[in-house]
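Side chains are part of it too, since the values below use all heavy atoms of this structure and drop only hydrogens, waters and symmetry mates. Letters A, B, ... mirror the listed sequences (proteins, then strands); counts begin at 1.
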Number of protein chains: 2
Amino acid sequence: MAGNSRLTIATHVLTWMALARRRGQDLLTSEQVAASVNTNPVIIRRSLGDLRRAGLVEVRRGAGAGWTLARAPEEITLLDVYNAVEQQPLFAMHHTEPNLECPVGKGIRPALDHAYDGVEQALCQELRRTSIADVLKRTLRE
Amino acid sequence: MAGNSRLTIATHVLTWMALARRRGQDLLTSEQVAASVNTNPVIIRRSLGDLRRAGLVEVRRGAGAGWTLARAPEEITLLDVYNAVEQQPLFAMHHTEPNLECPVGKGIRPALDHAYDGVEQALCQELRRTSIADVLKRTLRE
DNA sequence: CCTTGTTGTAACAAGATCTGTTGCAAACGG
DNA sequence: CCGTTTGCAACAGATCTTGTTACAACAAGG
């Protein structure tokens with residue numbers, strides 16, 4: 001599992017934008033953000049694109065362009081970020097269809113769907129308990 | 001996310017073994033299990049190997065060999081299965097080290113660790129609420 | 001209207017991971 | 001000793017992720 005670090009990157013980006021805003025710098029370019037994450041600006045633009053489609057940030061194009069937070073850091077939770085950057089469910093079903101002649105092969109998928117739904121709900125509830133402001137506070141403390 | 005279906009495969013295997021045991025067939029070969037999952041026996045042996053190392057199943061080698069459940073289906077939870085088949089954490093950190101000159105780059109990783117720990121705990125608590133016996137019951141109902 | 005700086009996105013490479021497959025040595029019951 | 005089955009290595013194909021380069025689209029400001 002853990003094939004990707006998208007939640008980590010997006011949270012880093014937003015936390016950095018929250019700190020910059022507190023310091024009076026409202027407009028940031030993807031290059032400036034990339035300097036903190038230490039990666040390529042295109043990676044940051046991809047992440048910011050996800051966040052923009054989810055309504056968490058806004059962009060201004062053209063010369064002197066850049067990004068701003070669309071909401072206060074207190075109003076952005078890790079669940080918002082997770083939903084913005086993760087599309088696929090947590091656990092995948094079988095690659096190949098199970099043997100439908102077998103009672104287990106026939107009924108296992110709805111049974112697993114039910115269990116996995118509960119897990120995803122628990123995950124979402126926990127993610128919603130932390131905001132970008134919380135992450136920033138803890139980031140500066142350590 | 002969801003790069004893999006290991007939890008699904010392993011749960012399917014155990015559910016099928018629970019049903020077979022209820023029908024009086026205690027010893028199953030990887031080929032018999034593979035017929036229900038509809039995949040290659042080596043895939044099943046890999047999954048059963050994880051489950052054996054976790055103490056959830058037992059194996060007898062040689063001629064007339066096969067697998068048995070090491071515990072009652074009521075005593076095996078999805079958390080046991082998850083721990084048996086998933087090693088890596090749910091969310092990955094940055095691939096490249098963040099810029100430690102930046103206060104966010106410096107402090108973000110412990111802050112994220114803390115948040116991710118809470119999420120994993122919530123995930124585990126929810127997974128523990130469902131047993132293989134529960135999955136079997138719901139599988140046969142639908 | 002033109003220059004300039006920035007975004008949006010496509011195309012591609014390298015690496016990792018996952019599933020599936022083949023082959024074979026090791027184990028062991030009969 | 002034979003026959004069955006596991007354990008495991010090696011490999012192929014598919015997909016995903018990160019990183020990189022390149023370039024068109026866009027708009028602010030002179």
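Residue A:Asp50 contributes atom CG, which lies 11 Å from atom P of C:dG8 at whole-angstrom precision. Rounded to a whole Å, the CD1 atom of B:Ile44 is 17 Å from the P atom of D:dC8. Straight-line distance from the CD atom of B:Gln32 to the C1' atom of D:dT4: 12 Å, rounded to whole Å. Whole-Å rounding puts the A:Glu58 CD to C:dT7 P distance at 15 Å. Atom CG in A:Asn40 sits about 14 Å away from atom C1' in C:dT7, given to the nearest Å. Rounded to whole Å, atom C1' of C:dT19 lies 5 Å from atom CD1 of B:Ile43. In this structure, CD of A:Glu31 is placed 13 Å from P of D:dT20, rounded to the nearest angstrom. Between the C1' atom of D:dA10 and the CZ atom of B:Arg45 lies a distance of 15 Å, rounded to the nearest Å.
Side-chain proximity of B:Val59 to the nucleotides D:dT17, C:dT22, D:dT6 is greatest for D:dT6. Closest contact between the side chain of B:Trp67 and the listed nucleotides D:dG19, D:dT6, D:dC8 involves D:dT6. The side chain of B:Val42 approaches C:dT22 more closely than any other nucleotide in the set D:dG19, C:dT22, C:dT17.
Between the side chains of B:Thr77 and B:Tyr82, no donor-acceptor pair is found at a separation under 3.5 Å. Side-chain contact, A:His95 with B:Ser5: no donor N or O sits under 3.5 Å from an acceptor N or O. For the 3.5 Å distance criterion, the side chains of B:Asp50 and B:Ser47 fail to qualify, holding no donor opposite an acceptor.
Note on A:Ser5: a side-chain N or O is less than 4.0 Å away from OP1 or OP2 of D:dT18. Contact check, B:Arg60 against D:dT6: no side-chain N or O comes under 4.0 Å of OP1 or OP2. Residue B:Arg46 places none of its side-chain N or O atoms closer than 4.0 Å to OP1 or OP2 of C:dC18.
A salt bridge links B:Glu97 with B:Arg109: the closest approach of a Lys/Arg side-chain nitrogen to an acidic carboxylate oxygen falls below 4.0 angstrom. Between A:Arg129 and A:Asp134 there is no salt bridge, since no side-chain nitrogen of the basic residue lies less than 4.0 Å from a carboxylate oxygen of the acidic one.
Residue whose closest nucleotide on DNA chain D sits further toward the 5' end, between A:Thr39 and B:Ser30: B:Ser30.
Rounding to the nearest 0.5 Å places CH2 of A:Trp16 at 14.5 Å from CZ of A:Arg21.
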Pairs: protein N or O with nucleotides 3-5 of chain C N or O, under 3.5 Å:
unit_1	atom_1	unit_2	atom_2	d
C:dG5	N2	A:Ala63	N	3.2

Between A:Met93 and A:Tyr116, is a side-chain contact (heavy atoms from CB on, under 4.5 Å) present by the stated rule, with each step listed?
-> CA-CA 10 Å; A:Met93 281 292 147; A:Tyr116 292 172; 3.8 Å; yes
